[in-house]
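What follows is a single structure, written as structure tokens, with notes after it.
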Amino acid sequence: MESSMSFSASDQSSDLKAGSGPTSANTTFSVSSKLLLEVDDSSYSGGPCSAGASAMLDFMAEVLADFLTEQIKAAQVVESLLEMVPLYVEAESVLVFQGLFLGRLMNFVERRLLRDDEEDEKKLDKTKWSSNLDALCSMIVDRVYMGAFPQPGSVLKTLEFLLSMLQLANKDGRVEEAAPAGKGLLSITRGSRQLDAYVHSILKNTNRMILYCFLPSFLVTIGEDDLLSSLGLLMEPKKPTPTSSSKEDSGIDICYVLQLLVAHRQVIFCPSNLDPELNSCLCVNLISLLCDQRQNVQNMAIDVVKYLLVHRKASLEDLLVSKPNQGQHLDVLHGGFDKLLTGSLSAFFDWFQSSEHIVNKVVEQSAAIMWMQHIAVSAKFPGIRIKGIEGRRKREMGRRSRDTSRLDLKHREQVNERRYALEVVRDTMSTELRVVRQEKYGWVLHAESEWQTHLQQLVHERGIFPIHKSAVPEEPDWQLCPIEGPYRMRKKLERCRINSIQNVLDGQLELAEAELSKGKHEDGPYDSDSEAIFNPLEDSSKQNGVDTELYDEPLYKEAGDAKDVTSVRNDWIDDTASSVNEASLHSAVEFGGKSSAVSVPLSESIPGKSECGSPMQFIKTDEVKATEDKLDKELHDNGEYLVRPYLEPREKIRFRYNCERVVGLDKHDGIFLIGELCLYVIENFYIDDSACICEKEFEDDLSVIDRALGVTKDSMTFQSKSTSSWATAPKTLVGGRAWAYNGGAWGKEKVSSSGNLPHPWRMWKLDNVHELLKRDYQLRPVAVELFSMDGCNDLLVFHKRERDEVFKNLVGMNLPRNSMLDTTISGSTKQESNEGSVIFKIMANSFSKRWQNGEITNFQYLMHLNTLAGRGYSDLTQYPVFPWVLADYESENLDLSDPKTFRKLDKPMGCQTPEGEQEFKKRYEGWDDPEVPKFHYGSHYSSAGIVLYFLIRLPPFSEENQKLQGGQFDHADRLFNSIRETWLSASGKGNTSDVKELIPEFYYMPEFLENRCSFDLGEKQSGEKVGNVLLPPWANGSAREFIRRHREALESDFVSENLHHWIDLIFGYKQRGKAAEQAVNVFYHYTYEGSVDIDAITDPLMKASILAQINHFGQTPKQLFLKPHAKRRSDRKLPPHPLKHSTLLVAHEIRKSSSSITQIANFHEKILVAGANTLLKPRTFTKYVAWGFPDRSLRFISYDQDRLLSTHENLHWGNQIRCAGVSHDGQILVTGADDGSVSVWRISTEGPRASIRLLLENVLCAHTAKITRLHVSQPYMLIVSGSDDCTVIIWDLSSFGFIRQLPNFPVPVSAVHVNDLTGEILTAAGILFSVWSINGDCLAVINTSQLPSDTIHCVTSCTFSDWLDTNWYVTGHQSGAVKVWHMVHHTEQGNTEGKSASSGAGVLDLCKPPEYRLVLHKVLKSHSQPVTALHVTSDLKQLLSGDSNGHLLSWTLPDMHLKSFKNLG
């Protein structure tokens, strides 16, 4: 047997290497089979390389598994993918890659098919995947024979996959019971079931895999040398290859193969599987294994032989019984191997040992010959297949040569880069010197900005030097704050900043002597005091220079910390703010003072040239002029030295772009920098064609982006320009800036500053940016809107093709972007996606479902749709649009149950009357201009002019109105003066050119309806003087009542049931196309996105003309819905308001604490309380803050275990802390102490142990006695502090600036509270309870008790809604009473209980009497001790009250009343 079966096998890998072909000589990365296997072994735990490779393979396999199970003829796609390997990869590595991929593909296919088989309802079509499975199995087994699975484990997984597919096909015994082909008549009694074609293919390939497992090449890899030796097939020793693995490594031997045969014997040896090669293989190898020394192997071999004797006896007779033509008749089956079935094992082995030579001789005559032939064919098979691959590679040689030429070009580019890098290294020392000088200049700018911030703190009305403005009407004291609160409402007014000390010296501002006398020494006049303070500054400004030694030492330890402190007024910082001969930025930029921008990525090596016009050209050293002075080159370089002073310490700029910042109707150009720590916008810089940062010379110069767009300066006459106090001519520098520019910062050399324009800048720390949205500007996809955590948003315009690059780079910075659905600032997720993407539409649909179910209000939904449609406050041309909802502006009482009260929401404003609708239809039908498409309306419902028309009384929009009219207001008859007249004009009654809709301020902001700044708006022709807006009679002469009733109308049942019609017109399917024509809703074509390609227009005048039309005519929002919008459900049920029904409340004690309760909070349906001198820390409330200790420290303690987490001492310079407040996100802590100071701290958990640290942000000084109460409202960015000096002061949480002081109270303040939805401020001082608007207007005030000792200890209101039943309040008293108050307008009739309470308006110094009065609704008496804490749960289920004795009560409505309310709802 050994002589006839001797075999010299060659290594299959040699065939593979012989046909691999040449590899690329200049590849930068070598791919080997060893590397591929190592990456596969490491998988996701082996670092980014192996994890990425594994993820990519899994992704490909997942996708192709879908193809194979759901498509016809998908196996060809898999075959093509297996061959799509770079040509420089050797054939052996290609095969290993194919094996790795096919191994994963088998797993995914098997998983899908088995999961589908387990389901009752099949989702996969068997006719599709069966043919693919047929081809896939053949493909996999071919790759096994070619060596694509070098590891034994992978080979056996392939066999297991095939067996698994057989078992899947064997459901209900189909494979076991199927009749063999051509023998159906012989198996009639068993049934005539036939196998499918793909099952025959799987059986065939399973046989091939079993044969492969007994091939000598495979047996060597699993260490079966003994078996090969017994067969005479032991291969010649060879060197170990990287892909080979020993038995010890793999833990696999022949026993595993035998186990698979035994486990699946019924399907392997089914009646349809009659492969003679399989029988020969098993016969030869199993007979050898019967003599194996391993008992388990021997036992498994016996089991297989037994099964063959029973089910394959006919086949064994052909192999174990010699034929008559083979000479001597030998039979080792009958009476031989039959003994395994009939006798004992010992008797069989006795026979086998005695007849072994006879058995070998019989096997050699038939089975061995067939098995040897199979081995020989298998050895040739890989070479034949490799030849086909080699032919394909030869056809690709032409393509490879082209790739080589491209690589050569790349190599030349790299040489240029290295040459430039060498020049950079050569100038390293000079660069370091320049950095030192930059830092000196930076400290000058920082000191000026710091002084400007301190100036604001010194001169406000509670400052050390209180200054008030002269009565100059054109300079208002207050303007709208751009910070957005809940639901994007902008309610807050902010103080216009004091310009500079020079204004005082010029007499523009006057010292408030009365206020100043209170805080200064009584000896000496004020003139001498102010002279002593301000004259040194004036004198220094007259000097030509300052000794440079004065600036050698740093002024502060950390520039970064100081820059945060100086983030004034929306973080826009003016670098010229304290120069005594220059005006402040904030007098020029009345509304947020922000900047503009363009686009160029920064490369440390060589800038390139982008297609969109930004400078990215190669900078070659030979292009530098030989005569250039070395110092001049050192100072100018790439211009980064100019902006370095504005950056954080250790900041590294990754990308830089030119950009423009949109502010109202203006654009301010500058540069946008993406750093590793922060984002920056710095105005009046630009990046030139050589990628160098340059200073802008003149303010009215055309921006880089406008020049790239193709418009000229002459054609931009339509563009509105800011009338700022910045002079366009160069200024004479004084003070620190004069020192910096005249050589103090740079050494002996003098640096020229071309135009000396100021450079206001804005900085965002990366963790302070919570949302990015792609936006359109002028109907072009060129903008990005950046949403900040503090509520300040900015719209930045870039080059058209660079916008996506900017967005991608910003997303790559891993900003903490949130969906923020509660504030309706939502858009794309962390993946890059635009507004038209699937994700964007899904989000819109999700919010629509919430609106339909009544989960959000109509206002919230409309604001959300505006946000999704690209409408925001930054760009007046894309301002949010809201509907007119009422048609009744004449009645004394507004009846919201009468449909006639409302406008027709299913029709546009031009069709509110039949006459108007017919007029516009007639115009549309009669239009015959072939160049201009038909339209109904020649004007638009939303434009910048409409926004400014409505907001004319509200700075800074009033200044924008004046700029559009040449510095003065329009004629009085054309101004917004009457709600009724505006409605009549817009609804088509007498004016077909007016179809305006409303703006969101009509539903939340009464201040814009009042002429608070006393602007001279002129007189109408009738002699009527224009002042406040004339309101409907039902508003009772109150702008606040008008807003309240108007919002009620917006949320009314009629509007809720019909609002979807208006949405169809503005945002939906009626916006465009045939539906718009039928709805009489077609506007001029330039208002629609995509109607004109501005970039394709070459004529500058034509381009400027179209841009002017887009800017001033109006822009239609993005179309969000292509189908009719669903109607809102009318069966909404609201929970009963516990305060409104307080007469029915029942008290239940739910807890008794050991100390007094000062705070109550509910979190995840848990009620948490805090005791005296403690404060719960949001958001998780797992910690609380405690103070009042003898060491005057502040401590953080865990809530559940009372475990001390950290101790912080000397926070108020030895003074005892009296109260504290914390922001909603738990990041800002505010403390008040005995010395009257309010300190703002940032809570940090950085460090190796994540210990809690307190970083001082600012100290707020205005109180003159100890602080008694603090409240932090993060939604409105407010801090409210109360003191023993009988004052309440409101501070800005973002800039830490003083906003206003409420009128002095008669006694110290005992309680303050801010409603985070409405912004209302509640105060209590003794028995005096007051309600104030967010802008300091006293809405109502009352003495709550006739006993002066019945002090109010706590106040609260409900945060369930921002509009519904918001006028209910609760006070907790010294007597233990809990009083419920209802605020009603002074024109409404009150009840007797309300009349008995005396008004406290007389004790406050109010400019005008309160509009509202407080009516006592109910006194709840269950506490016997002073009530010290109150809380109304946001779900309106209960009112919680706690007293000084630790009793916590829950006031709820009885069940019977709740059921009646539900039935009514």
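The chain is numbered in sequence order, starting from 1.
Distance check, rounded to the nearest 0.5 Å: CG of L105 to CG of L57 gives 11.0 Å. Between atom OG of residue S217 and atom CD1 of residue I375 there is a gap of 9.0 Å, rounded to the nearest 0.5 Å. Note that the OG atom of S280 and the CH2 atom of W371 stand 9.5 Å from one another [nearest 0.5 Å].
When the salt bridge (Lys or Arg N to Asp or Glu O under 4.0 Å) test is applied to D303, no partner is found at least two apart in sequence or on another chain. Applying the ring-ring contact (aromatic ring centres under 6.0 Å, His included) test to F67 and every residue at least two apart in sequence or in another chain returns nothing. The ring-ring contact (aromatic ring centres under 6.0 Å, His included) search around F59 returns none, not counting sequence neighbours. With sequence neighbours left out, E110 forms a side-chain hydrogen bond (donor to acceptor under 3.5 Å, both in side chains) with S164. Applying the salt bridge (Lys or Arg N to Asp or Glu O under 4.0 Å) test to D134 and every residue at least two apart in sequence or in another chain returns nothing. Residues satisfying the ring-ring contact (aromatic ring centres under 6.0 Å, His included) test with F97, not counting sequence neighbours, are none. The salt bridge (Lys or Arg N to Asp or Glu O under 4.0 Å) test applied to D116 returns no partner, not counting sequence neighbours. A search for side-chain hydrogen bond (donor to acceptor under 3.5 Å, both in side chains) contacts involving E62 returns R112, not counting sequence neighbours. With sequence neighbours excluded, no residue forms a side-chain hydrogen bond (donor to acceptor under 3.5 Å, both in side chains) with N296. Residues satisfying the ring-ring contact (aromatic ring centres under 6.0 Å, His included) test with F269, not counting sequence neighbours, are Y307.
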N/O donor-acceptor pairs under 3.5 Å from side chains in residues 152-160, not counting sequence neighbours:
unit_1 : atom_1 : unit_2 : atom_2 : d
T158   : OG1    : S154   : O      : 2.9
E160   : OE2    : Y256   : OH     : 2.1

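For residues 106-129, the pairs satisfying ring-ring contact (aromatic ring centres under 6.0 Å, His included) are W129-Y198, with sequence neighbours left out.
The minimum heavy-atom distance between V297 and C255, with the atom names listed, is CG2-CB, 3.8 Å.
Looking at Q298, its side chain does come within 3.5 Å of a backbone N or O of L290 through a donor-acceptor pair. Using a distance-only test at 3.5 Å, with no hydrogens or angles considered, a donor-acceptor pair links the side chain of N132 to the main chain of Q71.
Under the 6.0 Å distance and 45° angle rule, R143 does not count as a cation-pi partner of F149.
For CD of Q293, the number of neighbouring non-hydrogen atoms (other residues, nucleotides, ligands) closer than 6.0 Å is 12 at most.
Between W351 and F337, the ring-plane angle classifies as perpendicular under the 30° and 60° cut-offs.
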- [ ] Verify salt bridge (Lys or Arg N to Asp or Glu O under 4.0 Å) between R208 and D275, making sure each step is shown before the conclusion.
- [x] CA-CA 10 Å; R208 292 178 65 197; D275 189 351; over 6 Å; no
